[in-house]
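Note sheet for the following structure.
Not measured: the values here are computed from a predicted model.
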Amino acid sequence: MTIPVVLAGARGHGRWHVANIRRLQEKGLVRLAGICELTPLTEEEFGGELPPQSADFGALLDATGARVAVICTPIPTHTDLALTAARAGVHILLEKPPAPSYAEFRRMADGVAEAGVVCQIGFQSLGSHAVPAIHQLVADGTIGAVAGVGGAGAWARDEAYYRRAPWAGRRRMNGADVIDGALTNPLAHAVATALTLSGATRAEDVTAIETELWRANAIEADDTSCVRITTAQGRPVTVAATLCAERPDEPYVLVHGSRGRITFWYKQDRVLLQRADHGPEEYEYGRTDLLENLVAHLTTGAELLVTPDETGAFMKVVEAIRQAPDPAPLPDTAWHRVPDENRRVVPGVDGLVAAAADTLSLYSELGTPWAPPVERRQKEVSAR
């Protein structure tokens, strides 16, 4: 059975979804029934004959008979669009981050559940077959007792990145939360994957959160930040990120054990196992696409991989970052511009990010001149 799909947001990252829907269309699994864009796509942009388009998402869902909606729109629009789909009886693939605040997340998740439709949250890394494999290694005691989980993301974004959309790099806009920071959007996968590997995915699995938010760029949100999450199991999860790396590299998550460690480069589905009295072992895994998994759930009853409830812990992190003081500007001496790349670089930040993941420490605990301990904020987290 071919599932009719409507895509909301076909530009920017939405182009990836267009390509993915086409891939599944060739397999006979889905059909792109419509595109919702405020400014219609041209055939040249789309690269072929266009399906029906409309700026009215609800009307498009009704007109096309869509069974699934893929929502890849600005963060503040996620909840309302997801609820529009849910009220129409349409199942949802919702891009990450699912919402800009925990209240909006709950409004979305509760509304979807009440409507009786299913929602997959677009953390593609959680479709990696490496995730259950790592869980099994841990369960088997391969690296001993788990002491904590680190995450590291050293990326680079030029100044044009923050001009890609009116909401880019903003914490709020027109009175609405946006929270487009390094940890909540571009490197959100590092946070969600680290929480998943720690076994803390639901809201109630998080008991406290410490945040350190900084910015080298002239933006509202953070571009160099770290967070330490205390889980109900008592194990720390520390994730450090920057968009101002000297030498951008693949982000990874690191599971620390008493007798070894597991490194997971989640964009590459690559795992390195290191343990006492053994040589290093490296593995590569496949990945289940989340839209394909959603279609399989609807047609064969396959288990949905990333339900809203399984991203509750991540949303507690988003909420802590939302409630934290606005990111502090780094002193002018802490960064410089790379003119030919039109981007800002923080010298030494690559090693700092790696050290945070390696030691489960915050920047302020690593002797960073621009991150004195007073800047750290810890917030106790309630289950709701």
With a 4.5 Å cut-off on side-chain heavy atoms, are Asn217 and Cys244 touching? yes
Taking the side chain as C-beta and beyond, is there a heavy-atom pair between Leu243 and Leu187 under 4.5 Å? yes
Between Arg322 and Glu319, does any NZ, NE, NH1 or NH2 come within less than 4.0 Å of an OD or OE carboxylate oxygen? yes
Pairwise ring-ring contact (aromatic ring centres under 6.0 Å, His included) hits with a residue in residues 268-307, at least two apart: none
Strictly below 4.0 Å, N to O, side chains only: are Arg215 and Asp223 in salt-bridge contact? no
Give a yes or no on whether the backbone of Pro186 and the side-chain of Arg157 come within a donor-acceptor separation of less than 3.5 Å. no
For the residue pair Leu126 and Ala192, what are the closest heavy atoms and their distance? CD2-O, 4.3 Å
Would you give the length of the straight line joining atom CD1 of Ile121 to atom OG1 of Thr311, rounded to the nearest 0.5 angstrom? 5.0 Å
Counting N and O atoms only, with roles assigned by atom type, does the side chain of Asp350 sit under 3.5 Å from a partner on the main chain of Glu246, one being a donor and the other an acceptor? yes
Minimal heavy-atom distance between Ala154 and Ala245, with the atoms involved, is C-CB, 3.7 Å
Would you please say whether a donor-acceptor pair under 3.5 Å links the side chains of Thr230 and Thr207? no
Any link between Leu360 and Val239 through a network of hydrophobic side chains (Ile, Leu, Val, Met, Phe, Trp, Tyr) touching at under 4.5 Å? no
Answer yes or no: is there a donor N or O on one side and an acceptor on the other, between the side chain of Thr142 and the main chain of Val138, under 3.5 Å? no
Take a 6.0 Å sphere around CG of Asn174 and say whether it holds more than 12 heavy atoms from other residues, nucleotides or ligands. no
CD-SG distance between Glu365 and Cys226, expressed to the nearest 0.5 angstrom: 8.5 Å
Answer yes or no: is there an ion pair linking Asp269 with Arg287, defined by an N-O contact shorter than 4.0 Å? yes
If the threshold is 4.0 Å, N to carboxylate O, is there a salt bridge linking Arg171 and Glu220? no
Considering all heavy atoms of both residues, which atom of Val149 and which atom of Ser198 are nearest to each other, and what is their separation? CG2-CB, 3.7 Å
Donor-acceptor pair, Glu104 side chain versus Ala99 backbone, under 3.5 Å? no
Non-neighbouring partners of His13 that pass ring-ring contact (aromatic ring centres under 6.0 Å, His included), sequence neighbours left out: Trp16, His17
For Ile143 and Arg261, work out which heavy atoms get closest and say how close. CG2-N, 3.7 Å
Please report the interatomic distance OG1(Thr79) to CG(Leu94), rounded to the nearest 0.5 Å. 7.5 Å
Could you check whether any side-chain heavy atom of Gln136 comes within less than 4.5 Å of a side-chain heavy atom of Val131, counting everything from C-beta outward? no
Mind jotting down which residue pairs meet the ring-ring contact (aromatic ring centres under 6.0 Å, His included) criterion with at least one end in residues 44-79? Sequence neighbours excluded, please. none
Could you tell me which residues satisfy salt bridge (charged side-chain N to carboxylate O under 4.0 Å, His left out) with Arg23, sequence neighbours excluded, listed by chain and number? Asp289, Glu292
State, with a plain yes or no, whether a side-chain heavy atom of Arg31 is found less than 4.5 Å away from one of Ile3. no
Compare all side-chain heavy atoms of Leu272 with those of Ile262 and state whether any distance is below 4.5 angstrom. no
Side chain Glu37, main chain Ser54, donor-acceptor under 3.5 Å: no
From CD (Glu43) to CG (Leu50), nearest 0.5 Å: 5.0 Å
Give a yes or no on this: more than 12 heavy atoms of other residues, nucleotides or ligands lie within 6.0 Å of atom CD of Glu44. no
Between the side chain of Asn293 and the main-chain N/O of Glu303, is any donor-acceptor distance below 3.5 Å? yes
Run the side chain to side chain contact (heavy atoms under 4.5 Å, CB included) check on Ile92 and Gln120 step by step: do they pass? CA-CA 6 Å; Ile92 304 153; Gln120 179 102 283; over 6 Å; no
Cluster link Leu61 to Leu38, ILVMFWY, side chain under 4.5 Å: no
State plainly whether one hydrophobic cluster holds both Val70 and Val295, where clusters connect Ile, Leu, Val, Met, Phe, Trp and Tyr through side-chain heavy atoms under 4.5 angstrom apart. yes
How long is the straight-line distance from CG of Leu254 back to NE2 of His256, given to the nearest 0.5 Å? 4.0 Å
Taking C-beta and beyond as the side chain, do Glu212 and Thr368 meet within less than 4.5 Å on heavy atoms? no
Could you give me the CA-CA distance, side-chain angles and deciding distance for Leu197 and Phe264, then say whether side chain to side chain contact (heavy atoms under 4.5 Å, CB included) is met? CA-CA 10 Å; Leu197 294 186; Phe264 174 33; 4.0 Å; yes
Presence of salt bridge, Glu114 and Arg87, under 4.0 angstrom: no
Donor-acceptor check, side chain of Tyr363 to backbone of Ser225, threshold 3.5 angstrom: yes or no? yes
Using a 6.0 Å cut-off, check whether atom CG of Asp277 has over 12 heavy atoms from anything other than its own residue. no
Shared hydrophobic cluster for Val178 and Val227 (ILVMFWY, side-chain gaps under 4.5 Å): no
Has the side chain of Asp205 got a donor or acceptor atom that lies under 3.5 Å from a matching backbone atom of Thr201? yes
Heavy atoms, side chains only, cut-off 4.5 Å: are Leu305 and Thr288 in contact? yes
4.5 Å side-chain heavy-atom contact, Met173 and Pro166: yes
Is it true that Leu7 and Val118 fall in one hydrophobic cluster, defined by side-chain heavy atoms closer than 4.5 Å? yes
Residue pair Ala86 / Ala115: nearest heavy atoms and the distance that separates them: O-CB, 3.4 Å
Under the side chain to side chain contact (heavy atoms under 4.5 Å, CB included) criterion, do Leu304 and Leu294 qualify, and how do the steps go? CA-CA 6 Å; Leu304 206 62; Leu294 175 56; 3.8 Å; yes
Please lay out, stage by stage, how Leu298 and Arg67 fare under the test side chain to side chain contact (heavy atoms under 4.5 Å, CB included). CA-CA 9 Å; Leu298 298 176; Arg67 283 197 68 205; 4.0 Å; yes
Pairs touching residues 138-191 that satisfy ring-ring contact (aromatic ring centres under 6.0 Å, His included), sequence neighbours left out: Phe123-His189
Heavy-atom donor-acceptor pair, Asp56 side chain to Gly58 backbone, under 3.5 Å: yes
Might you point out which heavy atoms bring Lys316 and Ile209 nearest each other, and give the distance in Å? O-CD1, 3.3 Å
Please check if the side chain of Asp180 supplies one atom and the backbone of Arg170 the other of a donor-acceptor pair under 3.5 Å. no
Would you tabulate the side-chain donor-acceptor contacts of residues 329-339 under 3.5 Å, counting partners in other chains and residues two or more places apart, or write 'none'?
residue : atom : partner : partner atom : Å
Arg337  : NE   : Glu159  : OE2          : 3.2
Arg337  : NH2  : Glu159  : OE2          : 3.0

Could you measure the distance from the CG atom of Leu366 to the CG atom of Leu352? Nearest 0.5 Å is fine. 5.5 Å
State whether Arg275 and Glu281 are salt-bridged, where the test is any N-O pair (Lys NZ or Arg NE/NH1/NH2 against Asp/Glu carboxylate O) under 4.0 Å. yes
